[in-house]
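Since the structure comes first, as C-alpha cells, the remarks are kept for the end.
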Amino acid sequence: MDKKATLTLNDGRSFEFPMLGGSVGPEVVDIRSLYGKAGVFTYDPGFMSTASCNSTITYIDGDAGVLLYRGYPIEQLAVHCDFLEVCYLLLNGELPNAAQKQGFVATVTRHTMVHDQLNRFFTGFRRDAHPMATMVGVVGALSAFYHDSLDINDAEHRQVAAFRLIAKLPTIVAMAYKYSIGQPFVYPRNELSYTGNFMRMMFAVPAEDYKVNEVLVRALDRIFILHADHEQNASTSTVRLSGSSGANPFACIAAGIACLWGPAHGGANEACLQMLEQIGDASKVGDFIKRAKDKNSGVRLMGFGHRVYKNYDPRAKLMRETCHEVLNELGLHDDRLFKLAIALEKIALEDDYFVSRKLYPNVDFYSGIVQRALGIPTSMFTCIFSLARTVGWIAQWQEMIADPEYKIGRPRQLYRGATRRDVKPMAQR
Ligand code: ACO
C-alpha cells in the first residue's frame, strides 16, 4: 500500500498526502495539493525541511559525512578522476570511457577563448573592484555575446552554452585576476590540461613563461572536483530559481555567482583565511574560541559548521590531505597558518560548544591555505569556487529544464504587514 501522511488541523479537518521515496535518504511528504485542499501554506524559511525539486545528481548524508556525485563517493572521484571526467559525470550521469573523455576534453578545449570584444568589457571596471564583482558582470554579459546558445528550449543550444561556460570560466577568472593586478591578459594554450591552462593564464607574464608544476595542478584540480556540486545549496537553488523563469543560462550562472559571493556560502574560505591572519598565532587560539562561542561578539569560527553536514565534511578531509602535499612540494612544512588551523581544529573538536552543535570543519577550512600556497590571492578564492561550481550549476539547470514537473519557482509567504487601508491626503499624514 502507498504510504500517506495525514495532516489534522485544529478545526478538525484532516487531509492525506502521498509520501515519496528517493533511492536513498529521507522520504518526503508531497504537499503540492495542500493549499488547494486545505487553504493553508507551510512555513519553512531557509528550507530547513523542504525539498524544492527531485534530482539524480548529488547525494549528501550530512549525519554520516557522505557525498556522492551520481552515486560515486567523493573520496574515489578525488583520487581516481580529473576534473573534466567529473564534469562529464555530473552532466551525463556516467563516467566517460577513454573515447568519450577525449571527445569531451577536445570540445571544452575548443571553447576556451572568449570573444575578443569581451576583453574591453573588463576595462569598464575599476582595477580595485573585487574580482567577484567583475565576475558577476562579465559572466552575465556572455549572454550579450553568444546569441546562438540562448534558446533554452533547444537542447543543442543548452549543450553549447554548457560547454562555453565550463570552458570560458577559467579564462574569465584569470582575466579578472590579471585585470585587478594591472597585468596583460594571458590567452589560453590548448595543449595544456584544463587546470594547467588555468594556472598558466593566472601566473604567466609576457616577459617570461610559466612552467606548470603537476603537483600543484593536481591540487587545484582536486579543489575543483571537491567544489563541483553540492546538491540544492543556496547558489544552486538561485540558479534553478533564476532558470525557472526561462532566463538564459549565462544570466542564471551570473545569479549563482552573486549568491556564492556571500560569506556564509562561497566567501567562507576567504573569511577563514582572514580569520587565521587575524588570530595570528597559536597562543591566541583560546581567546578566539571564547569569542566565537559568545553570541554577542558577532564572531564565528569561519570554515566550521554546515547546514547539511553534522559530521566531518568529507571534502575537508581530502582538502587537509592536499594541504600537506602542496606545503611539502613547496617546502612550506612550517607554514604558520596551516599550523594555526590544525591547532584551532583540534581545540574546537574537543570543545563542548562545537561538539554539542555538531560543528565540524567544512571544505573551506583548509582550501584557503592550499590556494594561498599556490599563489592565489585571497580575493580570488570565491572566483575559483565559482569556476568549479559552474558545472554543478549547469547540470542542475539542465536537469530542471528537462524535468516534466518543472514550473516557475514561486514561494508563498506569511504576510504580517498592514491590512487594507486608504491613502490619506498629504496634509493629513
Ligand atoms: N562558529 C560559532 N558558532 C556557530 C558556527 C560557527 N562557525 N556555526 C554555527 N554556530 C552555532 C550557531 O550560533 C547556533 O548556535 P545556537 O544553536 O546556540 O543558536 C548553532 O551553531 C547552529 O547554527 P546555525 O547558524 O543555526 O546553522 P545554519 O545551518 O543556519 O548555518 C552555516 C550553517 C551558515 C554554514 C554556519 O555554520 C556558519 O556561519 N559557519 C561559518 C561560515 C562557513 O564556514 N560557511 C561555509 C559553509 S560551506 C560552503 O558554503 C562551501
Side-chain angles (χ1 to χ4, degrees), residues 44-50 58 60 62-63 65 67 69 74 78 132 222-239 256-279 285-320 322 341 344-371 378 381-393 396:
D44 187 16
F47 299 95
M48 301 294 285
S49 304
T50 298
T58 292
I60 304 171
D63 293 325
L67 170 60
Y69 291 166
I74 192 69
M132 279 298 276
R222 180 177 275 192
I223 291 183
F224 293 167
I225 293 172
L226 300 184
H227 288 83
D229 195 49
H230 215 226
E231 51 117 311
Q232 309 312 319
N233 56 85
S235 57
T236 302
S237 299
T238 301
V239 170
I257 294 173
C259 177
L260 190 73
W261 193 359
H265 191 8
N269 53 11
E270 184 173 340
C272 181
L273 207 68
Q274 278 160 0
M275 171 192 80
L276 292 174
E277 292 281 11
Q278 260 169 26
I279 299 174
V285 167
D287 186 50
F288 183 82
I289 295 265
K290 217 181 271 170
R291 285 203 291 143
K293 295 192 308 189
D294 173 6
K295 293 272 167 356
N296 300 321
S297 69
V299 171
R300 278 196 169 195
L301 180 49
M302 299 313 285
F304 254 70
H306 197 275
R307 170 59 62 80
V308 180
Y309 292 114
K310 301 302 171 196
N311 199 326
Y312 211 104
D313 179 342
R315 301 168 303 168
K317 277 195 197 129
L318 292 156
M319 211 64 253
R320 193 169 58 178
T322 298
L344 201 56
E345 178 187 342
K346 188 167 181 307
I347 294 178
L349 290 180
E350 287 165 1
D351 191 301
D352 186 56
Y353 173 94
F354 295 94
V355 174
S356 64
R357 288 171 179 75
K358 299 188 177 167
L359 300 170
Y360 292 89
N362 59 52
V363 65
D364 290 324
F365 195 65
Y366 288 106
S367 70
I369 300 174
V370 176
Q371 292 186 60
T378 319
F381 290 179
T382 319
C383 300
I384 305 270
F385 191 166
S386 65
L387 181 174
R389 184 55 60 83
T390 292
V391 66
W393 289 331
Q396 301 268 353

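Start at 1 and go down the list; that is how both ligands and their atoms are numbered.
Within the 4.0 Å cut-off (strictly below), no protein heavy atom is located near atom 27 (O) of ligand 1. Atom 21 (O) of ligand 1 is flagged as protein-proximal [any protein heavy atom, distance under 4.0 Å].
For Y353, every heavy-atom contact with ligand 1 shorter than 4.0 Å involves the side chain, none the backbone. Using a 4.0 Å cut-off between heavy atoms, D364 contacts ligand 1 through its side chain alone, with no backbone atom that close.
For ligand 1, the atoms sitting less than 4.0 Å from at least one non-hydrogen atom of A268 are 43 (C), 44 (O), 45 (N), 46 (C), numbered in the order shown with element in parentheses. Taking every heavy atom of R357 and a limit of under 4.0 angstrom, the matching atoms of ligand 1 come to 11 (C), 15 (O), 16 (P), 17 (O), 18 (O), 20 (C), 21 (O). The ligand atoms of ligand 1 that sit less than 4.0 angstrom from a heavy atom of G303 are 43 (C), 44 (O). Heavy-atom proximity to A292, at under 4.0 Å, picks out these atoms of ligand 1: 2 (C).
For the pairing with Y309, the side chain to side chain contact (heavy atoms under 4.5 Å, CB included) check across I60, D63, L359 returns one residue only, I60. Checked options T236, D229, N233; the residue passing with Q396 is D229 (criterion: side chain to side chain donor-acceptor pair (under 3.5 Å)).
The two residues L67 and T58 make their nearest non-hydrogen contact at CD1-CG2, 3.6 Å. Taking all atoms of both residues into account, the shortest heavy-atom contact from G256 to V239 is CA-CG2, 3.6 Å.
Within the 4.0 Å heavy-atom cutoff, K295 counts among the residues contacting ligand 1.
The N/O atoms of F385, backbone and side chain alike, include none that comes under 3.5 Å of an N/O atom in ligand 1.
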